[in-house]
Number of protein chains: 2
Amino acid sequence: MELNQHAEKLANLTFSLLANCQEKEIRLAEIHGLTQAEFRCLRLFGSDETVNNKKIAERMNLSPSRLTRIIDGLVKKEYILREIDPNDRRNMRVTLSSKGQSLVKQLNKAYVDIHREILKDIDPDQHEPLTTALEHLLEALEKWLEKS
Amino acid sequence: MELNQHAEKLANLTFSLLANCQEKEIRLAEIHGLTQAEFRCLRLFGSDETVNNKKIAERMNLSPSRLTRIIDGLVKKEYILREIDPNDRRNMRVTLSSKGQSLVKQLNKAYVDIHREILKDIDPDQHEPLTTALEHLLEALEKWLEKS
DNA sequence: ATTAATAATTGTTCTTATCAAAAATCGTTA
DNA sequence: TAACGATTTTTGATAAGAACAATTATTAAT
């Protein structure tokens with residue numbers, strides 16, 4: 001009864017949130033002259049991390065071949081560097097260029113700024129419960145995805 | 001200080017939630033033999049609503065021409081009916097077939113079921129704060145999108 | 001009665017993404 | 001050490017997703 005109503009409300013909320021978050025990502029990517037895929041790819045880089053093509057593909061849930069082209073674009077735009085891994089010449093060592101690093105830093109900052117603005121519209125007493133509840137939600141969601 | 005940390009945490013959370021929710025939608029669509037677009041389209045139908053092509057396109061943030069093809073698919077799969085609006089013969093009256101209605105009902109039920117399962121993993125005391133906080137988050141997000 | 005405006009469709013084109021095949025390299029084992 | 005199998009990336013072909021422009025059918029307005 002209570003549970004059902006909350007479940008229903010939660011379902012509608014996540015549905016709307018999903019749509020709005022997607023819209024937000026599109027806007028942010030546009031602002032920086034990147035495609036959504038490029039934006040997501042950069043966003044998944046730790047600022048001074050070195051990974052190979054396949055790892056990124058797994059993180060992004062895309063095929064390696066798709067990743068090759070996305071990285072092609074980011075290399076052409078000079079946001080990332082791609083060189084053969086000397087330890088295993090089958091691998092590509094993909095890293096952020098300095099230009100890429102500063103953009104990622106800027107993107108992360110903008111991303112956090114937006115959420116700070118959003119938090120400003122919410123009663124500070126609710127900040128803590130909001131984040132912890134969302135953590136639980138994420139955890140539960142991941143668990144559901146695993147078993148299905 | 002406090003605000004910054006919460007903003008950062010919230011940014012990471014919504015980022016991960018977005019990815020997981022997208023994955024969840026993909027899974028659900030697959031289960032029912034629908035494309036993501038078709039799934040989203042059906043999900044946007046009130047169970048006994050009648051709308052025209054353009055309205056749906058606006059709701060889904062897609063072009064009318066794209067919508068024509070999506071609806072083509074759903075008509076072929078016999079989930080919806082499409083007929084000329086007698087009041088204004090330029091319009092198409094798009095409605096759910098009985099088959100479509102039961103599917104939508106089923107989809108909604110499954111959607112709520114998932115969230116009920118998720119809520120089961122969360123302390124009941126947190127259900128109320130979670131939903132209200134999410135409502136605020138959604139509101140604030142919409143406000144941000146409007147002004148940008 | 002003609003012109004302007006609106007809704008849907010069709011054809012074309014671009015982007016996004018996958019798959020299969022090829023090329024390069026590595027590890028293992030006969 | 002030569003050969004075979006496995007792995008990583010890339011390339012080419014192809015399918016699906018989406019937008020845009022042009023077309024058709026209809027309505028509204030002057």
Side-chain angles (χ1 to χ4, degrees), chain A residues 18-19 22-23 25-30 32-45 49-77 79-95, chain B residues 18-19 22-23 25-30 32-45 49-77 79-95:
Chain A
L18 178 60
Q22 277 171 328
E23 183 62 27
E25 291 241 326
I26 291 170
R27 298 274 182 91
L28 282 177
E30 249 171 25
H32 294 91
L34 295 167
T35 67
Q36 277 184 77
E38 288 169 345
F39 182 82
R40 276 205 306 139
C41 182
L42 281 182
R43 187 78 177 60
L44 283 170
F45 261 93
E49 197 184 13
T50 299
V51 279
N52 63 350
N53 197 327
K54 205 187 177 189
K55 267 274 164 47
I56 308 174
E58 278 164 13
R59 278 192 204 166
M60 292 183 72
N61 237 339
L62 292 175
S63 67
S65 69
R66 174 75 186 120
L67 243 287
T68 295
R69 335 254 186 183
I70 292 171
I71 291 175
D72 281 348
L74 287 169
V75 167
K76 189 167 282 175
K77 294 180 186 175
Y79 287 114
I80 69 178
L81 305 170
R82 179 170 46 184
E83 54 192 0
I84 296 172
D85 181 350
N87 296 333
D88 184 342
R89 297 178 53 79
R90 290 171 301 185
N91 283 312
M92 282 287 160
R93 293 168 54 87
V94 180
T95 54
Chain B
L18 177 61
Q22 277 171 328
E23 183 63 27
E25 292 243 323
I26 291 171
R27 298 275 181 89
L28 281 176
E30 248 171 25
H32 294 90
L34 295 167
T35 67
Q36 278 184 76
E38 288 169 345
F39 182 82
R40 277 206 304 140
C41 183
L42 281 182
R43 188 73 177 63
L44 283 170
F45 261 92
E49 197 185 13
T50 299
V51 279
N52 61 355
N53 196 328
K54 207 189 176 190
K55 266 272 164 47
I56 308 175
E58 277 164 13
R59 277 192 204 168
M60 293 183 71
N61 236 336
L62 293 175
S63 67
S65 70
R66 174 76 186 119
L67 243 287
T68 296
R69 335 255 185 180
I70 292 171
I71 291 175
D72 281 348
L74 287 168
V75 167
K76 188 167 283 176
K77 294 179 186 175
Y79 286 114
I80 69 178
L81 305 170
R82 179 171 44 185
E83 55 194 1
I84 296 173
D85 180 351
N87 297 332
D88 182 343
R89 297 177 51 79
R90 290 171 301 184
N91 282 312
M92 283 289 159
R93 294 168 53 86
V94 180
T95 55

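In what follows, chains carry the letters A, B, and so on, assigned in the order in which the sequence lines appear, proteins first and then strands, with residues in each chain numbered from 1.
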Distance check, rounded to the nearest 0.5 Å: [X] atom [atom1] versus [Y] atom [atom2]?
X	Y	atom1	atom2	value
B/Arg27	B/Glu25	CZ	CD	13.0 Å
B/Gln36	B/Ile26	CD	CD1	4.5 Å
A/Leu34	A/Leu74	CG	CG	7.0 Å

For B/Ser63, side-chain hydrogen bond (donor to acceptor under 3.5 Å, both in side chains) partners two or more places apart:
B/Ser65
Applying side-chain hydrogen bond (donor to acceptor under 3.5 Å, both in side chains), can you list everything that pairs with A/Thr95, at least two apart in sequence or on another chain?
none
Got a sec, which residues hit salt bridge (Lys or Arg N to Asp or Glu O under 4.0 Å) with [X], two or more places apart in sequence or on another chain?
X	value
B/Arg89	none
A/Glu30	none
B/Asp85	none

Sort and list the pairs that fulfil salt bridge (Lys or Arg N to Asp or Glu O under 4.0 Å) and have at least one residue in residues 53-69 of chain B, not counting sequence neighbours.
B/Glu49-B/Arg59
Using the salt bridge (Lys or Arg N to Asp or Glu O under 4.0 Å) rule, collect all pairs that involve residues 34-45 of chain A, keeping only residues at least two apart or in two chains.
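Applying salt bridge (Lys or Arg N to Asp or Glu O under 4.0 Å) to every pair that reaches into residues 34-45 of chain A, excluding sequence neighbours, yields A/Glu38-A/Lys77.
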[X] [atom1] to [N] [atom2]: how many Å, rounded?
X	N	atom1	atom2	value
A/Asn53	D/dT10	CG	C1'	9 Å
B/Leu34	D/dA16	CG	C1'	15 Å
B/Met60	D/dG17	CE	P	11 Å

Please test A/Leu62 against A/Ile56 for side-chain contact (heavy atoms from CB on, under 4.5 Å), starting from the C-alpha separation and ending with a verdict.
CA-CA 8 Å; A/Leu62 292 175; A/Ile56 308 174; over 6 Å; no
Contact list please: residues 64-75 of chain B against DNA chain D, heavy atoms, distance less than 4.0 Å, in numerical order.
B/Ser65, B/Arg66, B/Arg69
Output the residues of residues 82-95 of chain A in contact with DNA chain D, where contact means a heavy atom of the residue under 4.0 Å from an atom of the strand; sort by number or write none.
A/Arg82, A/Arg90, A/Asn91, A/Met92
What residue among B/Asn53, B/Asp72, B/Asn52 forms side chain to side chain contact (heavy atoms under 4.5 Å, CB included) with B/Leu67?
B/Asn53
Suppose we screen for side chain to side chain contact (heavy atoms under 4.5 Å, CB included). Which residues come up paired with B/Glu83, at least two apart in sequence or across chains?
B/Arg93
Identify the pairs formed between an N or O of the protein and an N or O of nucleotides 22-24 of chain D at a distance under 3.5 Å, and give each distance.
none

Between which nucleotides of DNA chain C, read 5' to 3', does contact with chain A run, using atoms under 4.0 Å from its heavy atoms?
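First and last nucleotides in contact are C/dT16 to C/dC26.
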